[in-house]
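So the structure is just underneath, and the comments pick up after that.
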Amino acid sequence: MLHVLHRSPPPMTTWVPTAYRTHTLGEIQTLGADLIDQIVTVAGFMEANRGKGAICFVDLRDGTGTTQVFLKADNIGAESLDVVQRMTRESTLQFTGTVSLKRPPKVKEGEPTPPPAYEVLATSVEVIARAEAPLPLGVTDTVNVELDTRLDNRFLDLRRAHVNAMFRLRGKVLQFGRQHLITEGFIETHTPKIVATATEGGTDLFPMQYFETPAYLNQSPQLFKQLCMSGGLERVFEIGPAFRAEKHDTYRHLNEFISFDIECSWANDDDVMGVLERMLHHIWKSIAEEEESQGLIATINAYRATQEEEAIEVVVPELPFPRMEYCDAIRIIKEKGGTIEWGDDIDAENSDLLAEDLPQFYFLPRWPMSLKPFYIHHVEGEIGSTDQQLSRGFDLNFGRDEMTSGGQREHRIDVLIDNLKNMELDPEEFEFYVAGFRHGVPPHAGWGLGVERILMKLTGAKNVRETVLFPRDRKRFCP
RNA sequence: GCCCGCUUGGUGUAGAGGUUAUCAUGCAGGAUUGUCAUUCCUGCGACCCGGGUUCAAUUCCCGGAGUGGGCGCCA
């Protein structure tokens with residue numbers, strides 16, 4: 001059966017000296033006591049410089065932290081001091097100097113003395129690249145910046161501490177998700193993004209030219225990961241882009257997004273719901289427990305405080321997640337006064353009604369077959385309250401928002417072909433896929449999870465675009 | 001695709017048919033300071049585009065462009 005192994009945390013990251021620095025700024029702080037009086041070379045962005053007289057303080061920032069560099073005309077020379085004093089914010093500078101204990105700040109009586117901090121007493125400076133002024137957006141300014149301005153100048157936006165922290169958290173989410181699936185026996189795969197035909201039907205695809213032939217950007221790895229099941233790979237996952245040419249314009253949609261997909265043999269919908277909730281639980285738990293992740297959350301909260309926004313809190317969801325079967329969801333929506341009939345999709349307004357009682361993760365299993373794509377499995381005789389055929393398809397929501405859709409797949413080739421015809425798709429066009437079911441295939445199930453949507457829930461982002469480095473939406477595809 | 005907003009210095013905002021167009025942040029200069037979100041002084045910098053109404057439009061109307069939100073659909 002399933003073995004979920006306990007993994008010890010990865011070893012501490014080591015920063016090897018490079019051509020431009022002997023130490024990171026983070027190391028100056030963490031190893032400061034041992035580095036006192038040693039000569040070091042550091043490099044980074046100049047966040048601020050203070051002091052116009054015979055002394056000057058520079059706040060220098062690199063990927064590991066911030067350290068103050070202290071300049072005195074006696075040590076560095078009047079000319080270099082002047083260069084630094086006239087330097088623009090966000091220029092990249094390289095300093096050589098000695099590590100020394102920073103003078104402790106004046107502390108009011110009764111308040112605790114802060115831990116010792118370290119600085120670099122500079123003896124020389126190299127201007128690597130001077131930043132043009134004014135900056136299109138202030139990296140350390142407390143004024144709000146609109147998302148559009150941020151995305152137009154994303155490279156500068158990324159220098160802001162809370163934005164940087166968000167992308168580091170994104171890396172963590174992928175790392176912990178990947179880590180969990182590997183412990184459950186899944187192997188990482190890649191499927192093609194250039195395809196000859198629609199993989200699911202329904203959605204609009206981006207057309208492209210493949211040499212002399214029209215082709216498309218793939219909307220989902222769905223059919224290919226199923227072929228992996230027919231190929232006996234048994235448990236696969238993929239983290240990759242999906243492209244959809246839908247002209248939507250909302251806080252939760254992108255035209256290129258990263259889909260976290262799995263497919264699992266000898267399994268039904270209930271089995272893969274288990275994989276999903278265990279994986280999400282692992283991600284949340286790891287973020288809540290790991291020191292580095294907590295530091296990232298704290299950075300985001302420090303910014304939120306300046307914007308008078310509520311702090312985000314990583315609440316580890318309890319296992320198992322609640323299950324709200326489609327038929328029950330319809331009944332409850334009706335009881336709450338929502339307008340819906342059995343067989344309808346659950347729209348945003350009605351999702352809000354469900355979210356009143358289920359504000360976090362919950363599964364919505366057993367959708368009507370009529371609402372699900374052709375590849376979803378059904379068991380004859382599993383019928384809803386109106387005697388209509390139910391499917392083995394499910395959604396995972398977080399409050400009002402859909403995070404995942406998944407289900408057991410149809411492995412019976414005759415039923416598959418019927419389904420295609422019933423949904424007005426041509427089995428001939430899907431021959432590459434149907435062929436995979438002709439020579440024996442295990443029953444299988446899987447799901448696709450929107451990475452950006454998960455990030456929104458974890459980091460409190462109000463718009464998925466915030467969680468993507470360079471988002472592609474209806475109007476934006478540059479930078 | 002449909003519905004509703006918004007557009008003022010680099011950034012984010014206040015505001016009014018006639019103003020010296022507000023404030024913060026920023027930028028430049030100066031004073032002070034081994035600073036710690038320093039403080040203080042001085043200065044710089046803006047009404048999206050086109051047309052209309054009006055003695056007068058950045059303000060009102062129409063159109064355009066850009067942008068934000070909601071919906072459908074989805075991850």
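All chains are named by letter (A, B, ...) in the order of the sequence lines, taking the proteins before the strands, and each is independently numbered beginning at 1. Values below: every heavy atom of this structure, side chains too, minus hydrogens, waters and symmetry copies. Here the structure is a predicted model, which is why all the values come from computation and not from measurement.
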Please list, pair by pair, any protein nitrogen or oxygen found under 3.5 Å from a nitrogen or oxygen in nucleotides 37-41 of chain B.
{"from": "B/U38", "atom 1": "OP2", "to": "A/Arg50", "atom 2": "NH1", "distance (Å)": "3.4"}

Over all strands shown, is [X] touching base, sugar-phosphate only, or nothing at heavy-atom distances under 4.0 angstrom?
X: A/Asn463; answer: sugar-phosphate
X: A/Arg160; answer: nothing
X: A/Arg86; answer: sugar-phosphate

Looking only at the side chains, is there a donor atom on one of [X] and [Y] sitting less than 3.5 Å from an acceptor on the other?
X: A/His180; Y: A/Glu184; result: yes
X: A/Gln29; Y: A/Thr67; result: yes
X: A/His282; Y: A/Gln179; result: yes
X: A/Asn164; Y: A/Arg168; result: yes

Under 3.5 Å, side chain of A/Asn49 to main-chain N/O of A/Val84, donor-acceptor pair present? yes
Does the A/Tyr326 side chain pair with the main chain of A/Gly343, one donor and one acceptor, at a distance under 3.5 Å? yes
At under 4.0 Å, does any side-chain N or O of A/Asn49 touch on OP1 or OP2 of B/U35? no
Rounding to a whole Å, what distance do you find between A/Asp401:CG and B/A75:P? 13 Å
ring-ring contact (aromatic ring centres under 6.0 Å, His included) partner of A/Phe398, chosen from A/Phe363, A/Phe361, A/Tyr362: A/Phe361
Taking RNA chain B as the partner, which of residues 344-371 of chain A come within under 4.0 angstrom of it by heavy atom? A/Asp345, A/Asp347, A/Ala348
Counting only non-hydrogen atoms, which of residues 389-396 of chain A are less than 4.0 Å from RNA chain B? none
Give me, pair by pair, the N or O atoms of the protein and of nucleotides 8-14 of chain B that are less than 3.5 Å apart, along with how far apart they are.
{"from": "B/G10", "atom 1": "O2'", "to": "A/Leu135", "atom 2": "O", "distance (Å)": "3.2"}
{"from": "B/G10", "atom 1": "O2'", "to": "A/Pro136", "atom 2": "O", "distance (Å)": "3.4"}
{"from": "B/G12", "atom 1": "OP1", "to": "A/Glu146", "atom 2": "N", "distance (Å)": "3.1"}
{"from": "B/G12", "atom 1": "OP1", "to": "A/Thr149", "atom 2": "OG1", "distance (Å)": "2.7"}
{"from": "B/G12", "atom 1": "O4'", "to": "A/Asn144", "atom 2": "O", "distance (Å)": "3.0"}

Salt-bridge test for A/Lys334 and A/Asp328: reply yes if a basic N is under 4.0 Å from a carboxylate O, no otherwise. no
Between A/Asp204 and A/Arg244, is there a salt bridge with N-O shorter than 4.0 Å? no
Under 3.5 Å for both distances, Watson-Crick or G-U wobble, that's the pair rule; now give the dot-bracket for RNA chain B, with | marking pairs to another strand and [ ] for crossing ones. (((((((..(((.....[....)))((((((.......))))))...(((((..]....))))))))))))....
Side-chain atoms of A/Phe57 come closest, of B/C74, B/G34, B/G68, to B/G34
Can you work out whether A/Gly51 or A/Val464 has the more 5'-proximal nearest nucleotide on RNA chain B? A/Gly51
For residues A/Phe374 and A/Phe430, establish whether the separation of their ring centroids is below 6.0 Å. yes
Between the base of B/C73 and the side chain of A/His253, is there any donor-acceptor pair under 3.5 Å? yes
Side chain to side chain, A/His378 and A/Arg392, heavy atoms closer than 4.5 Å: no
Which class fits the ring pair A/His248 and A/His253: parallel under 30°, tilted 30 to 60°, perpendicular over 60°? parallel
For B/U59 versus B/G70, give the span between their P atoms, rounded off to a whole number of Å. 29 Å
In whole Å, measure the gap between the P atoms of B/G50 and B/G45 for me. 22 Å
Residue set satisfying side-chain hydrogen bond (donor to acceptor under 3.5 Å, both in side chains) with A/Asp62, at least two apart, ordered chain then number -> A/Arg21, A/Thr64
